[in-house]
Visitor: 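One structure, pasted below without further comment.
Chain letters run A, B, ... following the sequence lines, proteins first and then strands; every chain starts at 1.
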There are 2 protein chains.
Amino acid sequence: MSVTIQDVAKAAGVSVGTVSRALNNYADISENTRARIIRTAQELGYHPNLVARSLSTKHPRSIALILSGFLEETIINDFETMLMKGCYQFAFEHGVDISIHVINSAIQRRKSYEQLCYEHNISGAILFGLKTTDPYCEALADSKRPCVTIDTEVKGPHVSNVTLDHIAAFDELTQYLISQGHRRIVLVHGRKEAMVSMERLAGAYQAMERNGLQLTHDRIIYTNFLREEATQGVLDYFKTHAPDDVTAFLCMSDMLAIGVIEALKRLGRRVPQDYSVVGYDGLDVTNYTDPRITTVDQNIKEKGYEAARLLLDMLEGRRQAQRLVLPHILTVKDSVRRIG
Amino acid sequence: MSVTIQDVAKAAGVSVGTVSRALNNYADISENTRARIIRTAQELGYHPNLVARSLSTKHPRSIALILSGFLEETIINDFETMLMKGCYQFAFEHGVDISIHVINSAIQRRKSYEQLCYEHNISGAILFGLKTTDPYCEALADSKRPCVTIDTEVKGPHVSNVTLDHIAAFDELTQYLISQGHRRIVLVHGRKEAMVSMERLAGAYQAMERNGLQLTHDRIIYTNFLREEATQGVLDYFKTHAPDDVTAFLCMSDMLAIGVIEALKRLGRRVPQDYSVVGYDGLDVTNYTDPRITTVDQNIKEKGYEAARLLLDMLEGRRQAQRLVLPHILTVKDSVRRIG
DNA sequence: GCCGGTTCCGAAAACGTTTTCGATTCCGAT
DNA sequence: ATCGGAATCGAAAACGTTTTCGGAACCGGC
């Protein structure tokens, strides 16, 4: 069907091994034959079968992007896509090939991490969407295979983390609200058990405390990161609280901010004239809402790029496992009004 | 490292071939040994190495999702993600494994379609984002490998298309505007050369003509599907046209509609009170804009699901190559006002 | 002309499967 | 008892690479 390495070998009058070494830049080939082999390979339109290579080689440059929870409905699409873009960007620039694998918690229980890697000849992986309770977290720590987790804290001799300082970022976001004169702040909280929620909560506490404010329990609206819950939560909130009980809503995600704005609109209030709202994530959609939402950009595309770079460096022994903290970006838009 | 088929064979006291046949439901195995082999395989935690299988087998159940233009900035993320979700949904339900490959026009020129498939042992592919001028279009038509294109019309003995009737859909969208009393309609056009644009244009013409209206050239704003161009286009339009020259904007994509609304807001006009706007695609973001945008839902997730189903059916000989037209859904929201 | 050391390349093993082919066993029928 | 054929399984080729090992050829130096 297609042209294999033996076709090239035959055409060039050498053995398959020689062709392989010539094309893979081995040293023990005379420049003469190397050039000839490269030429005939080009003439025949030869490209190596990556599957066969993957099966054979001991040092494959093939890395995997493993997405957990991708199929769940609550998941924001933009994250995965941006991540993919970042990874592929790096992959294109450096000639590595990336495979994508979609899993969930159930699959993790059925098939071990090592098995998954073994099945697909994965030499190193980037993992996204892992919950701290997921089976793979332990597996990563024990594995000899280098890997990079994104936004999930896992420790192990061969596991790196790419993340950003969510505590500092949420602190900064909170501080921004305060600096704009807001004192009565309601926190719209994500899933209680989620690590990402807890970090952001810590950041909020930190900033409030520093400014002599306190975050009382009745000023927190709990959600599961679902937009509708934020809407309902705000509607409920005003049933038991006076309108001027709050001036700003501090949301743990952009989607929650959208939900909050929706509720405020239903109540006939305007943003940011009557209430200020901030989000977190930096989704594209925050540019298209009315008003555009002030948020913290997680810079997820760069996370993907840096994760891929870090993983390749680990695979090729240039870098140790490490925790890589990327900068976040407070993006001021139109959903906050200066008051007081 | 991991447990291979020979480990199972040794443990069960049979040959590797027997293990393979036992696990793959071949007939010529006594139920006795089959049960024993399955049991030991389970005990050892054996999972087949899919790479090796892919290299060896003649009838692989592995299909690929090939995304072209994924890295380009103008691309809407939601499309690819939704498509992936649909494909994976089907894959999970039917135990096939999907690999994702990201390409662009440049890669298409450098590496042939057959080569790409050969490299990754792809037995059948779903292709998205293909332009009619792309090299792969011809390649698909000539290939013996079954494939499914999404929204790109390609004819060939083994190529199916999954699409929706864009002409009818845009006709319906236009008709809806007209039925709401709109007579003076401006069309916000996508990339002129793109097939998708031409189909939508045809639908608009068709509906206008049926209602005794005409779509004059000066009533068309051309863009490259970029939001900013739509904004600028509308701003420019009103420099040379009176405000009441138009009552509705008919946009070829949701992003263009967002751009139009942005322009109208800048001009101090309200939607839908002063002008009506409709989009096309059914992106999630149309639910979060203000107002929510009336649009045609392309139902892209189902496209992915159906494409995967169709491809597997073709691979296993249950269905011929065909053109599959999925239903579209006119989703009426808040961006159109009834007038007249 | 012989020898030690490079330089270059071919032969073949290895990766883990699937699948063909043929060999063995077993059984009932002749 | 012999045979035909079915049932069951083992041996080995095949998939297309990479990589190890060793052998040939060549070289300069003695």
Visitor: Please report the distance, rounded to the nearest Å, between OH in A/Y26 and C1' in D/dT17.
Guide: 11 Å
Visitor: Can you tell me how far P of C/dC9 sits from CG of A/N24, to the nearest Å?
Guide: 15 Å
Visitor: Taking OP1 and OP2 of D/dT17, is either one under 4.0 Å from a side-chain nitrogen or oxygen of A/Y46?
Guide: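 A/Y46 to D/dT17 OP1/OP2: side-chain N or O found under 4.0 Å.
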Visitor: Round to the nearest Å and state the distance from A/D7 atom CG to D/dC15 atom C1'.
Guide: 13 Å
Visitor: May I ask you to verify if any side-chain N or O of A/T57 is less than 4.0 angstrom from the OP1 or OP2 atom of C/dC15?
Guide: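 A/T57 to C/dC15 OP1/OP2: no side-chain N or O under 4.0 Å.
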Visitor: Rounded to 10°, tell me the angle between the two end axes of the helix from C/dG5-D/dC26 to C/dT30-D/dA1, each built from five pairs.
Guide: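 Overall, the helix from C/dG5-D/dC26 to C/dT30-D/dA1 bends by 70° from one end axis to the other.
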Visitor: What residues, two or more places apart in sequence or in another chain, satisfy side chain to side chain donor-acceptor pair (under 3.5 Å) together with A/S105?
Guide: A/D134
Visitor: A/Q6 CD to D/dA14 P: how many Å, rounded?
Guide: 11 Å
Visitor: Taking only residues two or more places apart in sequence or in another chain, which ones pass side chain to side chain contact (heavy atoms under 4.5 Å, CB included) with A/H47?
Guide: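 With sequence neighbours excluded, A/H47 shows a side chain to side chain contact (heavy atoms under 4.5 Å, CB included) to B/K111, B/Q115, B/E119, given in chain and number order.
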Visitor: Apply side chain to side chain contact (heavy atoms under 4.5 Å, CB included) to B/A9 and list each qualifying residue two or more places apart in sequence or on a separate chain.
Guide: B/V16, B/V19
Visitor: Looking at residues at least two apart in the chain, or sitting in another chain, which of them share a side chain to side chain contact (heavy atoms under 4.5 Å, CB included) with B/A106?
Guide: B/N104, B/R109
Visitor: Would you state whether a donor and an acceptor, one from the side chain of A/S56 and one from the base of D/dT17, lie under 3.5 Å apart?
Guide: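 Indeed there is one.
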Visitor: Are A/Y113 and A/D142 packed together at the side-chain level, in the sense that at least one heavy-atom pair is separated by less than 4.5 angstrom?
Guide: no
Visitor: Starting at CG of A/N25 and ending at C1' of D/dT18, how long is that distance when rounded to a whole Å?
Guide: 14 Å
Visitor: Show me the pairs that pass ring pair (Phe, Tyr, Trp, His ring centres under 6.0 Å) and involve residues 83-110 of chain B, at least two apart or across chains.
Guide: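 Sorted pair list: B/F90-B/H94, B/F90-B/Y305, B/H101-B/H120.
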Visitor: Of all the heavy-atom pairs spanning B/S143 and B/H158, show the shortest one and how long it is.
Guide: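 Heavy atoms only, the tightest pair is O-ND1, 3.5 Å.
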Visitor: Taking 4.0 Å as the cut-off, does a side-chain nitrogen or oxygen of B/Y118 come that near to OP1 or OP2 on D/dC15?
Guide: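 B/Y118 to D/dC15 OP1/OP2: no side-chain N or O under 4.0 Å.
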Visitor: Which residues pass the side chain to side chain contact (heavy atoms under 4.5 Å, CB included) test with A/A12, sequence neighbours left out?
Guide: A/V14, A/R36, A/I37, A/T40
Visitor: Rounded to whole angstrom units, what separation is found between the NE2 atom of B/H47 and the P atom of C/dG16?
Guide: 16 Å
Visitor: Reading nucleotides 4-11 of chain D from the 5' end, what letters show protein touch, with B for base, S for backbone sugar-phosphate only, - for no heavy atom under 4.0 Å?
Guide: ----BBB-
Visitor: In this structure, how many angstroms lie between the P atom of D/dC15 and the CD atom of B/E119, rounded?
Guide: 18 Å
Visitor: Going by salt bridge (charged side-chain N to carboxylate O under 4.0 Å, His left out), name the pairs with one or both residues in residues 2-29 of chain B, residues two or more places apart or in two chains.
Guide: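 Pairs touching residues 2-29 of chain B that pass the test: none.
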Visitor: Whole angstroms only, please: what is the CG-C1' distance between B/L55 and C/dC15?
Guide: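 Interatomic distance, CG of B/L55 to C1' of C/dC15: 9 Å.
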